[in-house]
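All values derive from a computational prediction rather than experimental measurement. In this chain, residues are counted from 1 in sequence order.
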Amino acid sequence: MSEKLTQRERKARIRKGLPIEALGLQFYPVLMADYEEFLECKNALAIRLTSLAKMNIEYLSMPFLSALWAMELDSVRATGKAIGFFERVIRLLYLSLRLGYDSQKAFGRIYCERENPRQLTHIEVEIPDENDETKIAQVVKITPLDFTTIVRPLIAEINGIELPDESENPDILQTEQAMNEESASKVKFSLETLIASVANACNVREYEIDEWTVAEFERRRQAIDRKLNYQIYSQAEMSGMVKFNNGNPCPSWCYDRAETLTSALITVDEMQGKYKGVGDVKATVAQGSQTQE
């Protein structure tokens, strides 16, 4: 069972970094003390299933956790090596529960069908006794459906992870991302430098940030970027020497500008409506995919 919270109460708890109960478990926001491990794991939680369909169209019909599990077994059988996405998602689950992670113990609590090991049935999480950590107070079962509908969106929400919209065209998004990366300046990523920069802008000691939640850190970092960009673009615009064709790229120091695809890219639905003579594009693409299979 999950505790019944109004949307306002839920948002307030997330903003304050308080835990939220679901399935009899307490889910906490990950702290900055675990930021490096969080960065390693968070992208696995945000994998787009449509992007996995290129490897096996069957993954699209599975719950998220089941698809990752099947993909790992398929990879082991084909190459002798696991991809690692499933393990990272499990690690992030344990981080969110603030439980010590032991891969052997965690994977010892993964259950699949005997006749079909690719079919994940559920995972179990052991909750230690508060008075004696050597004893197990409770074992909670999480099914793939539970993970898809409750656990995955909750972990994402409390940690500021944006989950993908599976209805979006992955090829358009990939092209958009490639174009943005091509035009962006290259920087050398350093976790220590990032934390030091945010600490300096917020006038706090670096070690104090360890007690922040990852979600709060990301909000602060984005606020710093937004404020600096607003100041730079506004000053450039007011000088009269620069004119932006589509308006100030950063029109507010409080809010982000609404993001849209570049004008050169359109979605399949937009193309269908704009070019009536192309026929049923989705049906044609689906038929082509079936032919390839």
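- Under a 3.5 Å cut-off, the side chain of Asp34 and the backbone N or O of Glu37 do not form any donor-acceptor pair.
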side-chain contact (heavy atoms from CB on, under 4.5 Å) between Ile127 and Val139, intermediate numbers included: CA-CA 6 Å; Ile127 308 300; Val139 176; over 6 Å; no
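- Proximity of a side-chain donor or acceptor of Ser51 to a complementary backbone N or O of Arg48 within less than 3.5 Å is detected.
- Judged by distance alone, the side chains of Tyr35 and Glu40 never bring a donor and an acceptor atom under 3.5 Å apart.
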When the side chains of residues 193-209 are checked against the rest of the protein, which donor-acceptor pairs come out under 3.5 Å, sequence neighbours left out?
from: Thr193; atom 1: OG1; to: Ser190; atom 2: OG; distance (Å): 3.1
from: Ser197; atom 1: OG; to: Thr193; atom 2: O; distance (Å): 2.8
from: Glu208; atom 1: OE2; to: Arg205; atom 2: N; distance (Å): 3.0

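- Placement of Leu154 and Leu31 in two distinct hydrophobic clusters is found when ILVMFWY residues are connected by side-chain heavy-atom separations under 4.5 Å, directly or transitively.
- Note that the CD1 atom of Ile155 and the CG atom of Leu163 stand 10.0 Å from one another [nearest 0.5 Å].
- If you check the side chains of Tyr230 and Asp225, you find no donor sitting under 3.5 Å from an acceptor.
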Intermediate values then yes/no, side-chain contact (heavy atoms from CB on, under 4.5 Å), Gln119 and Cys112: CA-CA 5 Å; Gln119 187 66 44; Cys112 52; 5.7 Å; no
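- Contact record, Pro29 with Thr213: CG-CG2, 3.6 Å, taken as the closest heavy-atom pair.
- Under a 3.5 Å cut-off, the side chain of Thr148 and the backbone N or O of Phe64 do form a donor-acceptor pair.
- Remark: Arg118 does not engage Glu113 in a salt bridge, criterion side-chain N to carboxylate O under 4.0 Å.
- The distance from the CD1 atom of Ile150 to the CZ atom of Phe27 is 8.5 Å, given to the nearest 0.5 Å.
- In this structure, the side chain of Gln231 does not engage the main chain of Leu228 through any donor-acceptor pair within 3.5 Å.
- Within the model, atoms NZ of Lys141 and CG of Leu23 stand 11.5 Å from one another, a figure rounded to the nearest 0.5 Å.
- Heavy atoms of other residues, nucleotides or ligands lying less than 6.0 angstrom from CD of Glu211 number 12 at most.
- Among residues two or more places apart in sequence or in another chain, the salt bridge (Lys or Arg N to Asp or Glu O under 4.0 Å) test is passed with Glu126 by Arg109.
- In the hydrophobic clustering of this structure, Ile47 groups with Leu39; members are Ile, Leu, Val, Met, Phe, Trp, Tyr whose side-chain heavy atoms approach within less than 4.5 Å, directly or through other members.
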Please list, one pair per line, the donor and acceptor atoms closer than 3.5 Å that link side chains of residues 65-73 to other protein atoms, with sequence neighbours excluded.
from: Trp69; atom 1: NE1; to: Pro117; atom 2: O; distance (Å): 2.8
from: Glu72; atom 1: OE1; to: Ile83; atom 2: N; distance (Å): 2.7
from: Glu72; atom 1: OE1; to: Gly84; atom 2: N; distance (Å): 3.0
from: Glu72; atom 1: OE2; to: Gly84; atom 2: N; distance (Å): 2.9
from: Glu72; atom 1: OE2; to: Phe85; atom 2: N; distance (Å): 2.7
from: Glu72; atom 1: OE2; to: Phe86; atom 2: N; distance (Å): 3.0

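- Proximity of a side-chain donor or acceptor of Ser75 to a complementary backbone N or O of Lys81 within less than 3.5 Å is detected.
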Stepwise salt bridge (Lys or Arg N to Asp or Glu O under 4.0 Å) check, Glu218 with Arg221: CA-CA 5 Å; Glu218 289 298 328; Arg221 180 184 62 79; 2.6 Å; yes
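- Residue pairs meeting the ring pair (Phe, Tyr, Trp, His ring centres under 6.0 Å) criterion with at least one member in residues 124-149: none, sequence neighbours excluded.
- By the criterion of side-chain heavy atoms lying less than 4.5 angstrom apart, applied directly or through intervening Ile, Leu, Val, Met, Phe, Trp or Tyr residues, Val125 is not grouped with Ile136; the two fall into different hydrophobic clusters.
- Looking only at side-chain heavy atoms (C-beta outward), Val30 and Ser96 come within less than 4.5 Å of each other.
- Rounding to the nearest 0.5 Å places CG of Leu25 at 8.5 Å from CD of Glu21.
- A donor-acceptor pair under 3.5 Å links the side-chain atoms of Arg152 to the main chain of Leu45, judged by distance alone.
- Between the side chain of Thr79 and the backbone N or O of Val76 there is no donor-acceptor pair closer than 3.5 Å.
- The NZ atom of Lys11 lies 9.5 Å from the CZ atom of Arg15; values are rounded to the nearest 0.5 Å.
- Of the possible polar contacts, one joining the Arg13 side chain to the Pro19 backbone as a donor-acceptor pair under 3.5 Å is found.
- Closest of all the heavy-atom pairs between Ala215 and Gly160 is CB-N, 4.2 Å.
- At a threshold of 4.5 Å between side-chain heavy atoms, the hydrophobic network of Ile, Leu, Val, Met, Phe, Trp and Tyr places Ile158 and Ile161 in one connected group.
- Linking Ile, Leu, Val, Met, Phe, Trp and Tyr whenever their side-chain heavy atoms come within less than 4.5 Å leaves Ile232 and Ile224 in two separate clusters.
- Counting only heavy atoms from C-beta outward, the side chains of Leu120 and Ile110 approach each other to under 4.5 Å.
- No option in Leu93, Ile90, Leu95 other than Ile90 meets the side-chain contact (heavy atoms from CB on, under 4.5 Å) test with Tyr101.
- Residue Cys254 holds its SG atom at 7.5 Å from CZ of Arg226, rounded to the nearest 0.5 Å.
- With salt bridges taken as basic N to acidic carboxylate O contacts below 4.0 Å, one links Glu157 and Arg10.
- Residues meeting the salt bridge (Lys or Arg N to Asp or Glu O under 4.0 Å) test with Asp129, sequence neighbours left out: none.
- Contacts of Phe38 classified as ring-ring contact (aromatic ring centres under 6.0 Å, His included), with partners at least two apart in sequence or in another chain: none.
- Other residues, nucleotides and ligands place no more than 12 heavy atoms under 6.0 Å from the CZ atom of Arg8.
- Taking the side chain as every heavy atom from C-beta outward, Asn159 and Lys42 never approach each other to under 4.5 Å.
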